[in-house]
Q: 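Sharing a structure with you now.
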There are 2 protein chains.
Amino acid sequence: MRTARERVLSAALELFAEHGVSGTSLQMIADRMGVTKAAVYHQFPTKEEIVLAVIDPVLLSLTPIAASAARRRTPAARRRYVLDAVVDLVVEHRRLSAVLSFDPVVSRLVRQHPSMTVISELVELLTGPDPSPATRVDVAMVAGGLVMAGAESSLSDLPDETLKTHLLKTSLRTLRLNRS
Amino acid sequence: MRTARERVLSAALELFAEHGVSGTSLQMIADRMGVTKAAVYHQFPTKEEIVLAVIDPVLLSLTPIAASAARRRTPAARRRYVLDAVVDLVVEHRRLSAVLSFDPVVSRLVRQHPSMTVISELVELLTGPDPSPATRVDVAMVAGGLVMAGAESSLSDLPDETLKTHLLKTSLRTLRLNRS
DNA sequence: GTCTATAAGGGGATAGAC
DNA sequence: GTCTATCCCCTTATAGAC
């Protein structure tokens with residue numbers, strides 16, 4: 001059986017995805033678990049701690065990606081590695097990714113998070129140094145597209161592996177990395 | 001001078017973009033306008049009416065796009081027309097587009113909106129009939145990428161025309177419409 | 001158009017029993 | 001780990017004066 005703590009996070013995640021963080025009350029989380037608010041407060045001292053506990057593992061998983069990428073020898077190999085890893089991450093989390101990316105409450109917490117700098121690192125690994133406006137737009141569209149496509153309900157019929165393959169192919173084409 | 005009604009919508013839009021709809025109270029809107037809540041209620045009977053008044057013009061502007069596109073003769077011309085128009089729309093609204101697209105409250109209202117079917121029409125104009133998984137992923141990534149890139153703060157230094165040009169070029173490449 | 005005042009309800013959060 | 005009960009604040013919304 002999952003721990004009470006895990007059940008809170010699971011219920012919270014579903015509700016955050018559906019209603020956003022601000023649109024989700026502790027009462028709603030408790031109701032979905034079939035317990036009272038007080039039981040939820042026994043696991044987490046504040047609502048903010050619940051949000052942090054939901055996003056933490058994803059943000060922490062970004063650090064090893066940047067570290068591994070930095071060890072590759074060529075810029076092309078680094079780009080390719082980051083892209084592969086980000087596609088994996090987005091598909092692994094699918095519904096969650098959109099919440100993490102767009103919820104205003106989450107955004108504010110992410111901005112203050114220790115892992116925040118890693119995100120800029122990953123973007124820079126993709127753009128290369130001193131990128132042109134064209135390249136910056138390309139990377140922004142891929143980043144946004146990956147997150148959106150992962151969350152897109154009309155694609156929920158596609159199995160993870162199929163989605164991964166297509167997302168990677170489309171991203172490579174968008175970034176003009178087809179032949180590298 | 002702008003009407004009180006317009007000032008409400010302008011204040012609401014900024015706050016929705018920053019905090020989301022659920023994270024924005026009527027008190028915050030009133031404070032930003034320098035009036036009291038009751039003054040806001042004099043313009044709109046409910047908070048939901050404010051949200052609707054914010055999104056209505058954008059949704060209504062989708063209908064003529066689909067209509068004009070349908071009059072083009074070839075599928076390629078229709079795709080190209082939709083893409084041009086959507087890029088224009090996204091750039092025209094930039095920050096707003098992300099709120100409109102991802103806020104859970106807005107999404108629920110959009111789903112019930114008369115213009116809702118137009119969105120599926122536009123997607124179908126882009127995918128063509130009976131699209132493959134690959135094509136569906138392509139279109140989902142472009143749609144998400146356009147909205148995200150429009151809202152991306154790191155691209156806010158790019159002037160509208162520059163952004164438009166790059167978004168269109170990148171979208172065409174992603175959709176493999178380079179040579180059509 | 002804007003105000004004060006107020007109602008009714010829900011939000012986050014705490015105390016203490018079991 | 002979960003409960004009941006409660007506190008205080010903020011929320012949406014309304015009534016009526018200016």
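Model, not experiment: these values are computed from the prediction. The figures here come from the full heavy-atom set of this structure, side chains too, leaving out hydrogens, waters and symmetry mates. We name chains A, B, ... by the order of the sequence lines, and we start the count at 1 in each one.
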Q: Consider the side chain of A39(B), meaning its heavy atoms from C-beta on, and name the nucleotide among dT2(C), dA13(D), dA13(C) that approaches it most closely.
A: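 Selected nucleotide (nearest to the side chain): dT2(C).
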Q: Give the rounded distance in Å between these two atoms: CE of M28(A) and P of dA13(C).
A: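 About 16 Å, once rounded to whole Å.
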Q: Output yes when at least one side-chain N/O atom of S25(B) is less than 4.0 Å from OP1 or OP2 of dC10(D), else no.
A: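 No, S25(B) has no side-chain N/O under 4.0 Å of OP1/OP2 on dC10(D).
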Q: Can you find a side-chain donor-acceptor pair between H19(A) and R108(B) that sits under 3.5 Å?
A: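 Looking only at side-chain atoms, R108(B) and H19(A) do form a donor-acceptor pair, the distance falling under 3.5 Å.
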Q: Could you tell me if the side chain of V142(A) sits less than 4.5 Å from the side chain of T174(B), heavy atoms only?
A: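 They are not in contact (no side-chain heavy atoms under 4.5 Å apart), so the answer is no.
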Q: Name the residue closer to the 5' end of DNA chain C, choosing between K37(B) and Y41(A) according to the nucleotide with the nearest heavy atom.
A: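 Its nucleotide being nearer the 5' end, the pick is K37(B).
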Q: Rounding to an integer number of Å, can you tell me how far Q27(B) CD sits from dG10(C) P?
A: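 One finds 20 Å between P of dG10(C) and CD of Q27(B), rounded.
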Q: Measure CD/Q43(B) against P/dA13(D) and give the value in whole Å, please.
A: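 Distance check: Q43(B) CD to dA13(D) P gives 15 Å.
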Q: Rounded to the Å, how far apart are R2(A) CZ and dG1(D) C1'?
A: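 These atoms are roughly 16 Å apart.
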Q: Can you tell whether the side chains of R80(A) and D84(A) come within less than 4.0 Å, N to carboxylate O?
A: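 Yes, charged N to carboxylate O under 4.0 Å.
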Q: Taking atom P of dG11(C) as reference, at what distance in whole Å does atom CD of E48(A) sit?
A: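 Computing the E48(A):CD to dG11(C):P distance gives 19 Å.
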Q: Can you check the D31(A) CG to dG10(C) C1' distance for me, whole Å?
A: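 That distance rounds to 12 Å.
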Q: Whole Å only: how far is the NE2 atom of H42(A) from the C1' atom of dT2(D)?
A: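 After rounding, the gap between these two atoms is 8 Å.
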Q: State whether T36(A) places a side-chain N or O below 4.0 Å from either non-bridging phosphate oxygen (OP1 or OP2) of dC3(D).
A: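 Checking T36(A) against dC3(D): at least one side-chain N or O falls below 4.0 Å of OP1 or OP2.
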Q: Determine whether V118(B) and I65(B) make a side-chain contact, defined as any pair of heavy atoms from C-beta on separated by less than 4.5 Å.
A: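 Contact flag for V118(B)/I65(B) side chains = no.
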Q: Using a 4.0 Å heavy-atom cut-off, does A38(A) contact any base of the nucleic acid, only the sugar-phosphate backbone, or nothing at all?
A: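 Result for A38(A) = base.
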Q: Of the candidate nucleotides dG1(C), dG1(D), dA13(C), which contains the atom at the shortest distance from the side chain of L26(A)?
A: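 Nearest listed nucleotide: dA13(C).
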Q: R5(B) has an atom CZ; how far is it from atom P of dT2(C), in whole Å?
A: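 These atoms are roughly 14 Å apart.
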Q: Using a heavy-atom cut-off of under 4.0 Å over every strand shown, decide if S22(A) touches base, sugar-phosphate, or nothing.
A: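 Counting heavy atoms under 4.0 Å across all strands, no contact is made by S22(A).
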Q: In terms of side-chain geometry, is the basic nitrogen of D31(A) or K37(A) positioned less than 4.0 Å from the acidic oxygen of its partner?
A: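 No, no charged N to carboxylate O under 4.0 Å.
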Q: Is the distance from OP1 or OP2 of dT2(C) to the nearest side-chain N or O of R7(B) less than 4.0 Å?
A: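 Yes, within the criterion.
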